[in-house]
Amino acid sequence: MPRIAIIGGSGVYDPKLLANVREEWVSTPYGKVGVKIGEYNEEEIAFLPRHGEGHSVPPHSINYRANIWALYELGVERILSTSAVGSLNEAMKPGDFVILDQLLDFTKTRHYTFYDGENSPHDRKFVAHVDFTDPYCPELRKALISAAKELRFNYHPTGTYACMEGPRFETRAEIRALKILGADVVGMTQCPEAILARELEMCYASVAIVTNFAAGISREKLTHTEVVELMAKKSEEIKYLLMNSIKHIPKERRCSCKDALKGATGE
Ligand SMILES: O=P(O)(O)O[C@H]1O[C@H](CO)[C@@H](O)[C@H]1O
Ligand SMILES: Nc1nc2[nH]cnc2c(=O)[nH]1
């Protein structure tokens, strides 16, 4: 049973980092999900490309609830993910790794919770207001930072990610506003992926890879081609970073992620 899962973002579509890969189809109250399960250092790891293998699913249409529920069903406790981002912070350059620690959510049309009270399509028919002060698991963040340090990668140990609805890129004015609000990087997928993991008391962290300077900061037109091309160039480093992080993940969970529902339902 995989304790750890990797969710691959743009440019990270296949589990080449794993051996003996099999696919398991998991039924969830939100639909079926195909999850790859393989081995790394004799440990079972689950892998899920959030956009599908051919990048066929745009960020606003991803079935985040099915994806996270499927990993939970498989017994996953810890989720590491990648996200390709634009940078608003001149210190965070294309090719740099940012271990996210904060989030700003500007998405609009997504499904943000599993807990819809009586309308929940499962037996958790309650309302839950989960603490999200620190959206990322401190233990997973520490593991990613230790690995980036060991590998001597260009990395930033913190970063605020602004999640936009997409699928378009931002206007110059939106990036100006996000900078005033304190965002360091901008993407389209961390929300609701991070909160949904927290709602199922799973640990979640994401390593953002800067693929471009954001709209109005970059002198070039923004293209998805540029994003995928840079991610392809970084694919080996991303693989090493994720795999090296795994050995730094404590077996025992001492973070508060595992108690996220305590006090959240008013019980
Ligand atoms: O966040 P990931 O999945 O890496 O994808 C990023 O890349 C796409 C834009 O090129 C958007 O979907 C953005 O969120
Ligand atoms: N929203 C958004 N996502 C990205 N992913 C990679 N670059 C960007 C960007 O500039 N904006």
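Counting starts at 1 for both ligands and their atoms, following the listed order.
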Could you list the atoms of ligand 2 found under 4.0 angstrom from a heavy atom of [X]?
X	value
Gly86	4 (C), 6 (C), 7 (N), 8 (C), 9 (C), 10 (O)
Thr211	6 (C), 7 (N)
Ala84	4 (C), 5 (N), 6 (C)
Leu222	10 (O)

Got a salt bridge between [X] and [Y], using NZ or NE/NH1/NH2 to carboxylate O under 4.0 Å?
X	Y	value
Arg50	Glu193	yes
Lys239	Glu236	yes
Glu150	Lys247	yes
Arg22	Glu39	no
Glu77	Lys251	no

Task: Shortest non-hydrogen contact from Ser81 toward Ser206 - done: OG-OG, 2.7 Å
Open item on the list: Given a heavy-atom cut-off of 4.0 Å, could you list the residues near ligand 1 in chain and number order?
Closed with: Gly9, Ser10, Arg50, His51, Pro59, Ser83, Ala84, Phe169, Met188, Thr189, His224, Val227
What's the shortest distance from [atom] to any protein heavy atom, and which residue and atom give it?
atom	result
atom 1 (N) of ligand 2	Glu170 OE2, 2.8 Å
atom 10 (O) of ligand 2	Asn212 ND2, 3.0 Å
atom 9 (C) of ligand 2	Phe169 CD2, 3.5 Å

We want to know whether [X] and [Y] form a side-chain donor-acceptor pair, criterion being a heavy-atom distance below 3.5 angstrom.
X	Y	answer
Tyr30	His122	yes
Asp134	Gln102	yes
Thr107	Tyr112	yes

Task: Contact check, Gly166 vs ligand 2, heavy-atom distance below 4.0 Å - done: no
TODO: Quick one: look at Val186 and ligand 2, take heavy-atom pairs under 4.0 Å, and tell me if it's side chain, backbone, both or neither.
DONE: both
TODO: Could you tell me whether Tyr13 and His55 have their ring centroids closer than 6.0 angstrom?
DONE: yes
